[in-house]
Amino acid sequence: MVAAHRSCPGYVDEPFATLVAQYPGPEAYPPADFRVEWGPVFHRGRLDGSARVLVIGQDPATHEAISRRILVGEAGQRVQGLLARLGITSSYVMLNVYLYSVFGQAAGYRHVKDAGVVDYRHRWIDAVLLESEVTAVIALGTLAKRAFGLWEDSSPERTARAAELHIAAVRHPTYAEGSAMASGQPLEDTTAAQLADWSAQLPALSAAVRPEVTPNPKPYGTSWAEQDLVAIPEQDLPPGTPEWWRAVDAWAVRQGADAEEKRATIKVTVPKGARTWPPL
């Protein structure tokens, strides 16, 4: 018997069909600061009204540019593990602050309030939150928190809806690596700080979310454990995507001799454990 595969149906229903037909381009996202040449990446998760949690990330990276869904690399698997602790396995939806990959980290903070970016982002949050079953919002990092705050304060209807939600502003899933690089602190210390932050958010989040399966909101340790990373579900990705796109092993990396070439080049490599042909 042929295996039955599940996949993301895409953007076939309204208002999402119209949203993806009307996405902004370079007029809203300056190419000097965003990799618009790789195209927009819109979401990951349920758009059928079944979502109970909204996760807001920052911008698509290398794995996302290839898979066309957000938060699918190691950061996404850390988030998937956080949701699993809440007893959430599929009833979530994820959006990003930006549709396009940020070129240069500082650029991300310059455009969070730009009208063309904000207006479209607000339409997506409206579609996910207004008249929905979502009870909690997880904002991954400072930019996500700021973006949600802009939406919350932009109209009485949005303010009222936000008041019904539990808002968990947690450190970004790659905070530890970025903080260690920027500050010179040991990665072990910044990882412990990130996991302490996530642990502190778990009790209130767990109380705010109606789980699909038995939750296990026990605190994290001081370093990432194997069970803290959960593979991306097959149903979150487009039809026919290979299984190794959902694995922990990194399979996409930017390469190039200079910034321009690196911007234009993503090398994709099938992980050794996923190769089924005889090695050369």
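Between Y11 and L19 there is no side-chain heavy-atom pair separated by less than 4.5 Å. The side-chain heavy atoms of L83 and T89, taken from C-beta on, include no pair separated by under 4.5 Å.
Between H63 and W251, the two ring planes are perpendicular [angle over 60°; tilted spans 30° to 60°]. Note: Y220 and W224 have perpendicular aromatic rings, judged against thresholds of 30 and 60 degrees for the angle between ring planes.
When all heavy atoms of V72 and I232 are compared, the closest pair comes out as O-CG1, 3.7 Å. Nearest heavy-atom pair across R161 and V134 is NH2-O, 2.7 Å. Scanning all heavy atoms of the two residues, the minimum distance from P173 to Q194 falls at O-NE2, 3.1 Å. Heavy atoms only, all atoms of each residue included: Q77 and A231 are closest at OE1-CA, 3.9 Å.
Using a 4.5 Å cut-off between side-chain heavy atoms of Ile, Leu, Val, Met, Phe, Trp and Tyr, with links allowed through other members, L54 and F42 fall into the same hydrophobic cluster. No path of Ile, Leu, Val, Met, Phe, Trp and Tyr side chains, each step under 4.5 Å between heavy atoms, connects V253 with W244, placing them in separate hydrophobic clusters. Residues L95 and V41 are members of separate hydrophobic clusters, defined by side-chain heavy-atom contacts under 4.5 angstrom among Ile, Leu, Val, Met, Phe, Trp and Tyr. When hydrophobic clusters are built by joining Ile, Leu, Val, Met, Phe, Trp and Tyr residues whose side-chain heavy atoms come closer than 4.5 Å, directly or via intermediates, L229 is grouped together with I88.
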Could you walk me through whether R158 and D153 pass the salt bridge (Lys or Arg N to Asp or Glu O under 4.0 Å) test, one step at a time?
-> CA-CA 7 Å; R158 291 164 175 166; D153 295 338; over 6 Å; no

Any chance you could lay out the salt bridge (Lys or Arg N to Asp or Glu O under 4.0 Å) test for R78 and E74, step after step, and finish with the verdict?
-> CA-CA 6 Å; R78 292 175 179 179; E74 186 169 358; 3.2 Å; yes

Assess whether side-chain hydrogen bond (donor to acceptor under 3.5 Å, both in side chains) is satisfied between E152 and T159, documenting all intermediate values.
-> CA-CA 5 Å; E152 178 182 6; T159 301; over 6 Å; no

Please step through side-chain hydrogen bond (donor to acceptor under 3.5 Å, both in side chains) for the pair H172 and Q58, ending with a clear verdict.
-> CA-CA 9 Å; H172 191 274; Q58 181 172 306; 4.9 Å; no

Starting from the C-alpha separation in whole Å, work towards a yes-or-no answer on salt bridge (Lys or Arg N to Asp or Glu O under 4.0 Å) for E260 and R263.
-> CA-CA 5 Å; E260 183 177 353; R263 172 173 174 153; over 6 Å; no

Hey, mind stepping through R44 and Q80 against side-chain hydrogen bond (donor to acceptor under 3.5 Å, both in side chains) and telling me if it holds?
-> CA-CA 11 Å; R44 178 161 72 83; Q80 209 70 35; 3.0 Å; yes

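Remark: Y23 OH is loosely packed, at most 12 non-hydrogen atoms of other residues, nucleotides or ligands lying under 6.0 Å away. The environment of CD in E133 is sparse: at most 12 heavy-atom neighbours from other residues, nucleotides or ligands sit within 6.0 Å. Shown here is E37, whose CD atom has more than 12 heavy atoms of other residues, nucleotides or ligands within 6.0 Å. More than 12 heavy atoms of other residues, nucleotides or ligands sit less than 6.0 Å from atom CZ of R123. Annotation for R275: atom CZ counts as buried by contact number, over 12 foreign heavy atoms lying within 6.0 Å.
Here CD1 of I138 is found 8.0 Å from CE of M94. Values are rounded to the nearest 0.5 Å. Atom-to-atom distance recorded for Q227:CD and N216:CG is 9.5 Å, nearest 0.5 angstrom. Interatomic distance, L47 CG to S132 OG, rounded to the nearest 0.5 Å: 11.5 Å. Here the OG1-CZ distance, from T241 to R246, works out to 7.0 Å after rounding to the nearest 0.5 Å. With rounding to the nearest 0.5 angstrom, the CZ atom of R171 is 11.5 Å from the NZ atom of K145. Annotation: the span from L71 atom CG to Y92 atom OH amounts to 10.5 Å, rounded to 0.5 Å.
A cation-pi arrangement is not found for R146 relative to W151, the charged atom failing to lie both closer than 6.0 Å to the ring centre and inside a 45° cone about the ring normal.
The aromatic ring centroids of F34 and F103 lie 6.0 Å or more from each other.
Classification of R46 and D236 as a salt-bridged pair holds, one side-chain N sitting under 4.0 Å from a carboxylate O.
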